[in-house]
Amino acid sequence: MSEPVSDAELMVSARGVTKRFGALEVLKGIDMDVVRGQVAVLIGPSGSGKSTFLRCINHLETISGGTLRVRGDLVGYREQDGKLHEMREKEVADQRRGIGMVFQRFNLFPHMTALENICEAPIHVGRVPASQARERARDLLAMVGLPDKADTYPGKLSGGQQQRVAIARALAMDPELMLFDEPTSALDPELVGDVLAVMKKLAEDGMTMVVVTHEMGFAREVGDYLAFMDGGVIVEDGLPTEVLANPREERTRAFLSKVL
């Protein structure tokens, strides 16, 4: 657990979060706070529960137990008469508007240009006028270093370029929180740097971020908080520089010896 802070400062607050898929318990009681403006990094082996926890924050997966709040509000549920009631899909969609998510596999619409991909949600979900959405999309493409790719289809972009368009698309709804699920793991090594540079710029601009990654250099340089997960629990957490340089737990040391 990170140091106690006021509720107003918390962007994400998890208390005893569990997640089961049938008999398989993937998350076994996650406690975590992410403060506004903070970059929280989740590391660990495949199958440790990192991506599942990230998806729970956005209610792409429903939690099985515990509580999970974003901006002070329960994720996917409302409390009434001391009981939790699952929100309707429209309510969940409204809640998600303040959360941007970038996936491992880009998930761009192949039949739309880069500009159209970025404009889709603001126009059809946010009801932003098309001209305003296009202007904002061009600004975002410039921000991610792709000002000349507005009319290019995803199939004509490199993996790194597609991922930067995906980041721009997530930012188009002006989220307060950005979730990144291993955003560079599907990229060729020489393309990773451009994506990490965009994420670093977002961090410098004060965006609150939760990042699942294997990029230890990014974790060390950009992260404010790091949690090492294994077997559905947080084995060790703290400042990235301290955890990476002087891990306390043997399991953390064994993992880091293979990736550093």
Side-chain angles (χ1 to χ4, degrees), residues 10-13 34-40 51 53-61 68-78 87-147 149-154 157 161-183 195 197-212:
L10 287 178
M11 180 64 77
V12 180
S13 179
V34 181
V35 178
R36 290 178 182 272
Q38 192 177 54
V39 177
S51 293
F53 179 62
L54 202 72
R55 290 171 66 84
C56 288
I57 294 174
N58 209 11
H59 203 58
L60 293 174
E61 299 287 356
L68 185 53
R69 296 178 183 271
V70 173
R71 295 166 297 185
D73 296 325
L74 287 167
V75 173
Y77 296 88
R78 51 189 164 75
M87 289 179 173
R88 295 188 295 273
E89 187 54 42
K90 183 183 183 303
E91 294 174 300
V92 173
D94 287 342
Q95 197 173 57
R96 281 199 191 111
R97 287 190 191 188
I99 306 173
M101 188 158 184
V102 178
F103 299 87
Q104 184 176 339
R105 288 286 176 184
F106 325 137
N107 292 358
L108 297 176
F109 296 114
H111 62 288
M112 293 182 179
T113 65
L115 190 82
E116 290 167 342
N117 264 281
I118 297 168
C119 288
E120 177 72 6
I123 292 172
H124 293 103
V125 178
R127 305 300 181 193
V128 175
S131 58
Q132 184 179 328
R134 284 194 292 271
E135 182 179 354
R136 171 77 168 139
R138 290 186 187 280
D139 289 343
L140 288 168
L141 280 170
M143 192 205 82
V144 299
L146 298 171
K149 300 298 184 183
D151 299 322
T152 305
Y153 288 90
L157 298 172
Q161 290 171 332
Q162 288 187 61
Q163 194 60 295
R164 284 185 278 161
V165 172
I167 293 172
R169 180 180 62 179
L171 292 170
M173 292 294 285
D174 294 319
E176 293 183 68
L177 171 66
M178 285 285 286
L179 308 176
F180 292 87
D181 189 6
E182 300 193 27
V195 173
V198 171
M199 294 170 64
K200 182 178 178 182
K201 175 69 165 59
L202 284 176
E204 290 170 349
D205 290 344
M207 176 63 73
T208 311
M209 298 159 61
V210 183
V211 183
V212 173

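Here the structure is a predicted model, which means the values were calculated and not measured. Counting from 1, the numbers follow the sequence of the chain as shown.
To the nearest 0.5 Å, atom CD of residue Q162 and atom CG of residue N107 are 10.5 Å apart. Remark: R164 CZ to R169 CZ distance equals 15.5 Å, nearest 0.5 Å. If you take CZ on F180 and CE on M209, they are separated by 4.0 Å, rounding to the nearest 0.5 Å. Here the straight-line distance linking atom CE of M11 with atom CZ of R69 works out to 15.0 Å at 0.5 Å rounding. Distance check, rounded to the nearest 0.5 Å: CE of M199 to CE of M178 gives 8.0 Å. Here the NZ-CD1 distance, from K201 to I167, works out to 13.0 Å after rounding to the nearest 0.5 Å.
Listed for the R55 side chain is no donor-acceptor partner under 3.5 Å among the backbone atoms of E61. For Q132 (side chain) and P129 (main-chain N/O), no donor-acceptor pair under 3.5 Å exists by modelled atom type. Checked by atom type and distance alone, the side chain of Q95 pairs as donor or acceptor with a backbone atom of L74 at under 3.5 Å. Without hydrogens or angle criteria, Q161 side chain to L146 main chain gives no donor-acceptor distance under 3.5 Å. Using a distance-only test at 3.5 Å, with no hydrogens or angles considered, a donor-acceptor pair links the side chain of R96 to the main chain of N58. Using a distance-only test at 3.5 Å, with no hydrogens or angles considered, no donor-acceptor pair links the side chain of R136 to the main chain of I118.
Applying the side-chain contact (heavy atoms from CB on, under 4.5 Å) test between V12 and each of T208, V34, V35 identifies V34 as the sole match. Results of the side-chain contact (heavy atoms from CB on, under 4.5 Å) test with H59 over L68, V70, I99, V92 single out V92 as the only residue that passes. When the options L171, V39, V144 are evaluated for a side-chain contact (heavy atoms from CB on, under 4.5 Å) with L202, the one that passes is L171.
When every heavy atom of Y153 is checked against every heavy atom of P110, the shortest pair comes out as CD2-O, 3.7 Å. Nearest approach of A166 to V102, heavy atoms of both residues: O-CG2, 4.2 Å. In plain terms, the two heavy atoms of R138 and A150 that are nearest each other are NH1-CB, 3.6 Å. Closest of all the heavy-atom pairs between E120 and F109 is CG-CE1, 4.2 Å. Taking every heavy atom of both residues into account, L140 and A172 meet most closely at CD1-CA, 3.6 Å. Residues P175 and M207 share a closest heavy-atom pair of O-CE, 3.5 Å.
At a threshold of 4.5 Å between non-hydrogen side-chain atoms, the residues I57 and V75 do not count as touching. T152 places none of its side-chain heavy atoms less than 4.5 Å from the side chain of V165. At least one side-chain heavy atom of F103 sits less than 4.5 Å from a side-chain heavy atom of L60.
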Inset, instruction - Mind running side chain to side chain contact (heavy atoms under 4.5 Å, CB included) on D181 and Q104 for me, showing each step along the way? - result: CA-CA 6 Å; D181 189 6; Q104 184 176 339; 5.5 Å; no
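Between E176 and R36, at least one side-chain N (NZ, or NE/NH1/NH2) sits under 4.0 Å from a carboxylate O, which counts as a salt bridge. Ion pair R97/D94 flagged as a salt bridge, since at least one NZ, NE, NH1 or NH2 atom sits closer than 4.0 Å to an Asp/Glu carboxylate oxygen.
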